[in-house]
Every structure is written in C-alpha cells, then in structure tokens.
Amino acid sequence: MDEIRQRDDHIVQNAWFLAKESWRWDKRILVFLGITTVTGTALPLFGIYLPKVAVDLLLQRAQAAQVLRVLGGLVGCLLILQGIHGYLSKRAYYHHNECRNTFFIQRLFLVSLQCKYSYAEDGEFYKLYRRAINSVRSGDASGTSVFFDQIPKLLTAAACFFLYSGILAQLHVMVIVLLLLTSLVTYFFRHRENVCYEQTRDEYAVAEKRLYYTVGECGDSRTGKDVRVYNMKNWLTGQIRRFQGEERKILQLRRRKEYETHLVSCGLNFLRDGFAYAYLIIQTVQGKIGMGDFMLYFGAITGFSAWVTGLVDQMSMLKTANVKMNDLRSFLDIPAEDADSGECGLPDLDKGVEITFEHVSFAYQGSEKEVISDLSFHIRKGEHVALVGLNGAGKSTLLKLMMGMYEPTKGKILLNGVDITRLRKRDIYRLYSAVFQDIMVLPATIGENIALRPQRDVDRKRVREVLGLAGLDEDFSRRGITLDSYMTDRLVEDGIYLSGGQEQKFLLARALYKDAPVLLLDEPTAALDPLAEQEVYESYQSLCQDRTALFISHRLASTQFSDWILFLQDGRIIEQGSHEELLQAGGAYARLYELQSYYYNQTEENRMGEEACCE
C-alpha cells in the first residue's frame, strides 16, 4: 500500500479537478453553472433596486404610463432572469447528479477491480474504499454535489458582497464592519462543526461498516436457517442496536455542534439586523436619506447580511465537502495494475504449460514473517499435482503467486522457462481456469454465470456442452432449468440455488468453458462430505486429462488422482513424491492420510449400513 496516500488538497485544487472531470463527462454542466452564477448575481440587485425605483417614481408623481413602462420593463427582465435561472439550475442539478451517480461511481468501481490484487486484501484499502464511496453516495451531501451546488453560490455571494458593500459604504463604513464582525463569529462556530466532522470521520466509517455488514447478513436467505435453529434473533438485534448506537453517538455529537452554531447565528442576526435597521430609521427621520434610498439601503442591509452569512455557510459546507473530495481523489489515485506491460508475450503453449518455482519466498507487506519460504519444484506439462497441508500452510498464497496476483519477495517463478515478471498480466491470467473455495455465483442467468460475459457474448452451444461434460444437464433438465434461468433470488423471486455438489460441478463447467491450459483448484470441496468430494474429484480428473492441473486441499481425496504430491507445512515443502512413495516413507503425509482414511471408511460403512436398512 506504499503507492496509496491520503490527499490533502485545498478547495481550489479540488474545484479545478472537478471542473476538468465534469467537462470531460458533460460540458453542459459548467455552461449551465456559469450562466446561473451570472443570473444569481443579477436577480438580487433587481430585487433591491425595484422598490427604490417604484418609491422614487411615486414621490416624483410620475405619469402612469411612465410608471408602467419603467416598472413593467424591470419586472419583465426580472421574470426572464428568474425563468432562466430556475430552468438552468434544474438542468445543472440533473446533469451533475448524473455525473456523480454514473461517472464517479463507475470510476471507483473500476479502480477497485483494476488495482493490484494485494491491495484488495488490505484492510486500509477497504476503509479508503468505503470513505470514497460515501463521498459520492450521500445524495446532495456528497462531496461532488456540494461542490457543484455551493461554488456557484459562493461566487454569487462574493460578487453580491462587493456590490452591496459599495452601496452600504455610501451610508456608513461602520455598518459594513459590524456586519462582518458578527459574521466572523458565526464562521468560528461553523469551523468547529468541520473539525468535529473530520475528527469523527474514521470512527463513523467503522461503525457504518459494522452496521451494513450485520444488516446485510440478516437479509441473506442463506443465514436464515442458522438464525432460527440457534435462536440468533435477539443477539443479531442487539448487534444492530449496538452499531446503530455507535453511529447515533457520533451523529449526536455532530448535531450538537450544529445546534450551537444555529443558536449563535440566530442571536447575532437579531442583534446585527436590529442595530442596522435602527440606524437606518434614524437617518431617514433626520432627513439624511430619502424614502427611495431607505428602501434601497433596507434591502441592501438585509441582502448583505444574507450574503455574508451565505459566504460563511458555503465555505463551511465546502470545507466539509473538501474532506470527502480528498477521500474520493485519494482512491481514484490508486494506480491500476498494468495488465499489458511486459517484455514478452506468452511462451509456446501448443504442448501445454510447465511451471517452475526456484527458491521462492513471500512475506506480506509490513510483516517480517515469511508465508512461503524457499520453495522449489517443477510441474511438467500435463501433470496433475496435489498440494496438500493443514490450514495456514500457505497453499492459497502459493496459488496466488503462481497466478501473478502476488510477486515473490525472493526467487523466481517460470512459465515454460520464462520469468513470470517478464510476462503481461493479461496473458498470465489467460493461462488459468480456477475454482476457488469462495464460490462466486452472480444474480444473473445460467449462461452468463458460466461464460462470465454479458448475455449477447455467451456461446450458448458451448455452455450446453460444458454443462453436459460436468454432469449437470440431466439435473437441470429435470428441474426445468434453462440457460436463461436466473441464479439466486436477489434480482428475481424464482431464482435457483444449487446443492453443494452441484455448485462444484457448475464451477467445473465454468472452468471448462474458459478452456485454459492450466486448471487450479483451491480447496473447492471443503464444504462437501467425503463421498461428494470423491465424485467431484473424479469429474475433475476425467475432464482435465490434457491440462496441467494443481489440486489444493487440506484433505487428501485429491491425491489419488494426482501424479505426485507436495506436502506443505509452515510455508515449506516437507515432503514430495507419489502417493505410494509418501505412504512408504511413513512421514507426516502418511500419518495424515491414515487419520483421514479412518474417517472416510467410517463414512462409507455408515452409508452402506443405511442403504441396507432401507432395503
């Protein structure tokens, strides 16, 4: 994670970034916002000058035609400006929300998919991802939305501030000083709000993560059985209340700061406006200003107070949104893995793939302990190798190294004699079909789940073929399942679910569809009983004759189908050889095999006994 850093850009830098990105997405956003800024400045000026002009015309006893002409022209311009401002504000709101919901969310999703795989397993990466998602998935409070909304208002407020200052300076400069001083006090309390938000940001992200996870698990139909059997309702409800309480505690702290600011702002506004209005009335009574000017200055004082307060509020909101923008940009800065970089393409694959580890070691970043230590072995083309060992032996890490997802700390990995670091990532991934222990089934059709492609790109004939090879065609036909049937009930009510054994056959069909030269199986049968596991491995063995295959397991059902075996312990190869050779050696493999064989035999005897009773 050394390449990931938290940005600390100021508001102007983030505003410039957002302007450039929105120009790329939809140029109309900036055009609409620019026009609304101009109309937003002109409208309040019309608003304060219109009463002055009307009063002056009445005091001058102007003719009705002149009054109608002048006031009608001003009102007409005002209505046109209001129409343009309202219409373009709505259009700008629609387009910049589309930019947020489509452009930025899509980019965050792509970054999470295209970065190095090692990042995806890092807790700090996930925390940064959640903060970045929150920065664009908070509706109108999202960082981008606040910038799009408040910066035009800030520019309008700044322009009106100087215009109104020029008008009020003709009355008395101390009026401006009083208004500014009270606004600075309000700004101080707004600043306290921002500090509180920044200090509780990480704590809130953790509480939100816990709550979303628990609520998500409660809504998952797969957990429903456990919830009922183990009477988990009260416990889960307590967990949700606990995490909601953590969120509520943080929100209450933030709201308390907001209430304090609101009370102070209301009190200062009352004192400020009361003093200004009293001074204005005195000036009018003393004859120093006329009734028309009274209306002008009255509107200017009201507007000035509103614009100064607006400036404070907008700067406060932008400071909070700026934190979110920095979260967004920090995640967007994560470099994508360059899948096309490399000195050379794939070596000759006509006769298969050979894989060689030469003194390979690996340790996770920030850890001195090696997960893999000085591994050396050679898998020849078309060989089937079993990689076995207890949990935590380093088997899955070895697989990720082989697939190029991790890079060795020491040593070399060779594919057909070529160093894996010289090959393009895209080509390396193309070599492998993999079945992992974490089953990925999407809420999509059978065909899409097999091909892992959009419906239009699915080779339906090929899908039917591999389902037949995997032994699922009869089961699907009996249940009325077609290639267009949806899996899971997340998107459709009648989505299908498969049994454990059927899921493994389904994943085999997916691997066969890709038709890669190397098949990797990372403990795919860990959740199956021994007999179902035996059946699955028999299917794998019969359908992978011409492929290089690596079977990874902490159980030994796969070893009888393998040409030779690697036995891992604490990241090291402690034994290797054929099944018979390792049994004869009488070492760790033989002891583990003997222990597991007893369990397998007991299961088979129980099954035969049950069948006999049924007969």
Mind running side chain to side chain donor-acceptor pair (under 3.5 Å) on S396 and D522 for me, showing each step along the way?
CA-CA 7 Å; S396 295; D522 184 11; 3.1 Å; yes
For residues [X] and [Y], determine if any side-chain heavy atom of one lies less than 4.5 Å from a side-chain heavy atom of the other.
X: Y432; Y: L399; value: no
X: F357; Y: I573; value: no
X: Y497; Y: D489; value: yes
X: E370; Y: F362; value: no
X: F551; Y: V385; value: no
X: L568; Y: V388; value: no
X: Y129; Y: Y119; value: no

Is the terminal nitrogen or CZ of R131 (NZ for Lys, CZ for Arg) located under 6.0 angstrom from the six-membered ring centre of F331 and within 45° of that ring's axis?
no
Under a 4.0 Å N-O cut-off, is there an ion pair linking D475 with R478?
yes
Would you call E246 and R242 a salt bridge, taking side-chain N to carboxylate O under 4.0 Å as the test?
yes
Qualifying residue, where the test is salt bridge (Lys or Arg N to Asp or Glu O under 4.0 Å) with E21 and the options are R100, R107, R329:
R107
